[in-house]
Number of protein chains: 2
Amino acid sequence: MQVAIVRTPGQRAGLTQAAVLGAARDVLAEHGLKRLTMRTLAQRLGVAPNSLYSHVPSKDALIDAILDEVLAEVDAPGPDMADPAAGLHQLMLSTYRVLLSQPDLVPLYLARQGARGQNAYRLGDVMLALLGRCGVVGPDAREALRVLIVFTIGFAAFATAAPDQPSADLPLAGEELFDNFSAGLTWLIAGITHG
Amino acid sequence: MQVAIVRTPGQRAGLTQAAVLGAARDVLAEHGLKRLTMRTLAQRLGVAPNSLYSHVPSKDALIDAILDEVLAEVDAPGPDMADPAAGLHQLMLSTYRVLLSQPDLVPLYLARQGARGQNAYRLGDVMLALLGRCGVVGPDAREALRVLIVFTIGFAAFATAAPDQPSADLPLAGEELFDNFSAGLTWLIAGITHG
DNA sequence: ACCTGAACACCGTTCAAGT
DNA sequence: ACCTGAACACCGTTCAAGT
């Protein structure tokens, strides 16, 4: 139960972009994507709906910002890692785990095919560097980059989906799926690096 | 330019579910997903918005029906094909092509992780039969089924995405991507069938 | 600069009523 | 059975105005 913030008229709400983002992630975690509307967000912040537009240009921009913010949690290896193919593998595994930690966002990553903020670009640069050290450069590298991203998000979507027989006492399913994803990654990276 | 159908008051529109579906696919092809609303659909059919609910239970059901209808175009091999792994490969390639022919729908397949109508089930049965003949049965088969589907839809989404440098005079990109998808399929099927 | 009330231009869906 | 007008319960966003 979230009580709306009360202010005397004329008093500033003192919102920041970070506060709006945080509240949006809270709504997402508590009520899911469908309930994340500018109006419920404003209500939670004790503010008029249109006030949000002083801090965020649009709802789409807000969601893009959330998607990128989540990617900050991805554990990226340094681009100078000893085995670049293993580095790529590790990076995608970490991304997969982060995506699974935010199931509501996975369809949004799918729809946008990734994120587009500074965290996304940082990860992309690391991936390109690792690919380059595997001998994959230029347009091939950009293609490989996106294939790896789509593969990872696609698998996360698969793992996030409601299973046919929902059973909480089968943690093996998620673990098996993770192994399956890891195996698929191995094939894909081998193929990309011309194994 | 689509002119609304005119009827004298009291006259039946004579809609059918098939007509609604067809009009929806027309709107999709001409104006894209964003403009596919129950209201524009009704307008095109010369009918009040709520009249559609005499033929379709909800907009979600309408979209599900469209998704499944499109899958009728997939060229499925017989389950008794000589080489079952090759049959799987061929089936996924055909699905990929069909998905690419309807770019607007790809995000919806992604969001729903496939379709759920009779065409989808028919294809699923063929896939399960082929997997069974590869020695993959039971829960493993259902998992492999979904991995193949997610992989295919994910790749289609990748191919459908607006490229960084849009250039209509580079048909190679799509062809290369197709080859890339086909190679990924080979790895995946080999892994699934324990190669 | 930040926030507001009011409005604009929409949605999907339901309901009671007509034929 | 099929279709309607009217309404319900919402959306995202813009605008002019207040402080």
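No hydrogens, no waters, no symmetry mates; every other heavy atom, side chains included, goes into these values. We name chains A, B, ... by the order of the sequence lines, and we start the count at 1 in each one.
Ring orientation note: the planes of B:Phe178 and B:Tyr96 are tilted relative to one another, at an angle of 30° to 60°. Note on ring orientation: taking the six-membered ring where Trp is involved, the planes of A:Phe181 and A:Phe155 are tilted (angle from 30° to 60°).
Of the candidates D:dC3, C:dG12, D:dT13, C:dG12 carries the atom nearest the B:Arg39 side chain, counting heavy atoms from C-beta on. The side chain of A:Pro49 lies closest to D:dT13, out of C:dT13, D:dT13, C:dC2. Relative to the side chain of A:Ser58, the nucleotides D:dT13, C:dT4, C:dT13 differ in distance, and D:dT13 lies closest. Checked against D:dC3, C:dC11, D:dG12, the side chain of A:Thr37 finds its nearest nucleotide in D:dG12. Distance from the side chain of B:Lys59 is smallest for C:dT13 among the nucleotides D:dC11, C:dT13, D:dC2. Among the nucleotides D:dC11, D:dT13, C:dG12, the one closest to the side chain of A:Tyr53 is D:dT13.
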Can you list, pair by pair, the side-chain donor-acceptor contacts under 3.5 Å of residues 100-108 of chain A, counting residues two or more places apart and other chains?
unit_1	atom_1	unit_2	atom_2	d
A:Ser101	OG	A:Val98	O	2.5

Side-chain polar contacts of residues 126-135 of chain A - donor-acceptor pairs under 3.5 angstrom, sequence neighbours left out - could you list them?
unit_1	atom_1	unit_2	atom_2	d
A:Arg133	NH1	A:Pro79	O	2.9
A:Arg133	NH1	A:Met81	O	2.6
A:Arg133	NH2	A:Met81	O	2.8
A:Arg133	NH2	A:Ala82	O	3.4

Would you mind writing out the side-chain donor-acceptor pairs for residues 21-28 of chain A within the sub-3.5 Å range, not counting sequence neighbours?
unit_1	atom_1	unit_2	atom_2	d
A:Arg25	NH1	A:Glu69	OE1	3.1

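Nearest-nucleotide mapping onto DNA chain C: of B:Lys34 and A:Leu15, the residue sitting toward the 5' end is A:Leu15.
By the side-chain contact (heavy atoms from CB on, under 4.5 Å) test, A:Ala61 pairs with A:Pro57, A:Ser58, sequence neighbours left out. For B:Arg35, the side-chain contact (heavy atoms from CB on, under 4.5 Å) partners are B:His31, not counting sequence neighbours.
Between the NE2 atom of B:His55 and the C1' atom of D:dC3 there is a distance of 9 Å, rounded to whole Å. If you take CG of B:Leu45 and P of D:dC2, they are 15 Å apart, rounded to a whole angstrom. Spacing between atom CG of B:Leu36 and atom P of C:dC10 amounts to 16 Å, rounded to whole angstrom units. Atom C1' of nucleotide D:dC10 and atom CE of B:Met38 are separated by 16 Å, given to the nearest angstrom. Between B:Leu52 atom CG and C:dG12 atom C1' there is a gap of 11 Å when expressed in whole angstrom units. Rounded to whole angstrom, the span from the CD atom of B:Gln43 across to the C1' atom of C:dC11 amounts to 14 Å. Separating the CG atom of A:Leu33 from the P atom of D:dG12 is a distance of 11 Å, rounded to the nearest angstrom.
Listed by first and then second residue, the salt bridge (charged side-chain N to carboxylate O under 4.0 Å, His left out) pairs involving residues 53-62 of chain B are B:Asp60-B:Arg112 (not counting sequence neighbours). Within the structure, side chain to side chain donor-acceptor pair (under 3.5 Å) pairs that include any residue of residues 73-90 of chain A comprise A:His89-A:Ser182 (at least two apart or interchain).
A:Thr152 contributes a side-chain N or O that, together with a main-chain N or O of A:Leu148, makes up a donor-acceptor pair within less than 3.5 Å.
Look at B:Ser54 and you won't find any side-chain N or O under 4.0 angstrom from OP1 or OP2 of D:dC3.
Base-pairing analysis of DNA chain C finds the following stems of at least three consecutive Watson-Crick or G-U pairs, with both pairing distances under 3.5 Å: C:4-8 with D:12-16, C:12-16 with D:4-8.
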Taking only N/O atoms, report every protein-nucleotides 16-19 of chain C pair under 3.5 Å with atom names and distance.
unit_1	atom_1	unit_2	atom_2	d
C:dT19	O2	B:Arg12	NH2	3.4

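Taking atom P on both nucleotides, C:dA9 is separated from D:dC10 by 22 Å, rounded to a whole Å.
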